[in-house]
Protein chains: 2
Amino acid sequence: MNGLTIGKLAKKAGVGIETVRFYERQGLIAEPPRTASNYRLYPENDANRLRFIKKAKNLGFTLNEIKELLSLRHDPKASKADVKHRTLKKIEDIQQKIHDLSRMKEALESLAEACDGHGPTSECPILEALEAEEKQYCGH
Amino acid sequence: MNGLTIGKLAKKAGVGIETVRFYERQGLIAEPPRTASNYRLYPENDANRLRFIKKAKNLGFTLNEIKELLSLRHDPKASKADVKHRTLKKIEDIQQKIHDLSRMKEALESLAEACDGHGPTSECPILEALEAEEKQYCGH
DNA sequence: ATAAACATTGAACTATACTACAGGGTCAAG
DNA sequence: CTTGACCCTGTAGTATAGTTCAATGTTTAT
């Protein structure tokens, strides 16, 4: 027994069956081989691909961005230099996201502390969290 | 001259005018005072609020989640303990996101290295990036 | 062998988050 | 005092990411 039916795959990846078919239409997962009775039979590894998509979506990437991320490895019509260039750009995006999340986390930690009655805490740590760097660029 | 018209505010925050009115309808920003001629007049600080919303959206939070985040400070009908509890939960979410992004970044760095012809690199670092921890919980 | 649980397609429907009018009023410059 | 850039409300349309449904075929368990 090799391969997963769409239901097994969906369950393993924690997504809906319809979502799997939707991702196939969108080109996020490859069309799998079919059984004699026309059932899709997925390689086990597609569960990881689906889980990746799920997490990446949770991290604010659109399906199109995720498609790009997944196509970075083995892109046949792209030079190594081009792949490297695009990869470095993605890394920068991600670095920025990590940075923003870290600031948000700090703000929430400061808020949690304020809840203990320990103070003094800034009046509005959450808003401050992500605004500081803008000021440096824009000078408002 | 105190306060920003909706157009000035939108420009300062880097969003569309319609978006500002939409966020007002959704309860993400407060209804501002109006001029005699019924124009909205926003406090300067609302630009920061809008920028926060923009960034948080980019980090994968929905408008509803963002609303919750913004209401954590000064929630009148909630005990300090309750606010603290919800805040700690948000911090965990964020910690998880940072973790996932870090793994993704590592994977892309490994991919970028592979582009230099330095090797050997894993065949599929991107998929591996986010799948490892699942295995530990599910034992597949 | 028959019912329950699963699979197929295609099309319609939903939620979220905007975005674009239409039809009007306001304001600042020349 | 008009022209253009701005604002108002309300409604309708769009993009993204699914979700549901109908009508039908297949597999599995009793």
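It should be emphasised that the depicted structure is a prediction, and the values quoted were computed from it without experimental measurement. Per chain, numbering begins at 1; letters A, B, ... match sequence-line order.
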Does Thr5(B) place a side-chain N or O at less than 4.0 Å from the phosphate oxygens OP1/OP2 of dC7(D)?
yes
Respond yes when some side-chain nitrogen or oxygen of Lys57(A) is under 4.0 Å from OP1 or OP2 of dG18(D), and no when none is.
yes
Any side-chain heavy-atom pair from Lys8(A) and Lys11(A) closer than 4.5 angstrom?
no
What residues form a salt bridge (Lys or Arg N to Asp or Glu O under 4.0 Å) with Glu109(A), not counting sequence neighbours?
Lys105(A)
Going by the rule salt bridge (Lys or Arg N to Asp or Glu O under 4.0 Å), which residues pair with Lys84(A) if we only count those two or more places apart in sequence or in a different chain?
Asp116(B)
What's the [atom1]-[atom2] distance between [X] and [N], to the nearest Å?
X: Glu18(B); N: dT9(D); atom1: CD; atom2: P; result: 11 Å
X: Leu63(B); N: dT16(D); atom1: CG; atom2: P; result: 17 Å
X: Ile17(B); N: dA5(D); atom1: CD1; atom2: P; result: 13 Å

Run the side-chain contact (heavy atoms from CB on, under 4.5 Å) test against [X] and tell me which residues pass, sequence neighbours left out.
X: Lys57(A); value: Tyr23(A), Leu63(A), Ile66(A)
X: Asp82(B); value: Ala78(B), Ser79(B), Arg86(B)
X: Glu68(B); value: Lys90(B)
X: Glu92(A); value: none

So, does Lys12(A) use its side chain to make a donor-acceptor pair with the main chain of Asp46(A) at under 3.5 Å?
no
Pair Glu106(B), Arg103(B) - check salt bridge (charged side-chain N to carboxylate O under 4.0 Å, His left out), show working.
CA-CA 5 Å; Glu106(B) 277 169 38; Arg103(B) 287 181 59 75; 5.1 Å; no
Which of dC8(D), dG18(D), dC21(D) is nearest the side chain of Asn38(B)? It is dC8(D)
Under 3.5 Å, which protein N or O atoms sit close to an N or O of nucleotides 24-26 of chain D? Give each pair with its distance.
unit_1	atom_1	unit_2	atom_2	d
dG25(D)	N2	Tyr39(A)	OH	2.6
dT26(D)	O4'	Tyr39(A)	OH	3.1
dT26(D)	O3'	Ser37(A)	OG	3.3

Scan the side chains in residues 24-33 of chain A for donor-acceptor partners under 3.5 Å anywhere in the protein, sequence neighbours excluded, and list what turns up.
unit_1	atom_1	unit_2	atom_2	d
Glu24(A)	OE1	Arg40(A)	NE	2.9
Glu24(A)	OE1	Tyr42(A)	OH	3.4

Of Ala36(B) and Thr19(B), whose nearest nucleotide on DNA chain C comes first from the 5' end?
Thr19(B)
With sequence neighbours left out, what residues match Ser102(A) under side chain to side chain donor-acceptor pair (under 3.5 Å)?
none
Tell me, please, the opening and closing nucleotides of DNA chain C, 5' to 3', among those with an atom under 4.0 angstrom from a non-hydrogen atom of chain A.
dC6(C) to dT9(C)
Within the structure shown, what part of the strands sits under 4.0 Å from Thr35(A) by heavy-atom distance: base, sugar-phosphate, or nothing?
nothing
When you measure from every atom of DNA chain C, which of residues 21-34 of chain A have a heavy atom less than 4.0 Å away?
Arg21(A), Arg34(A)
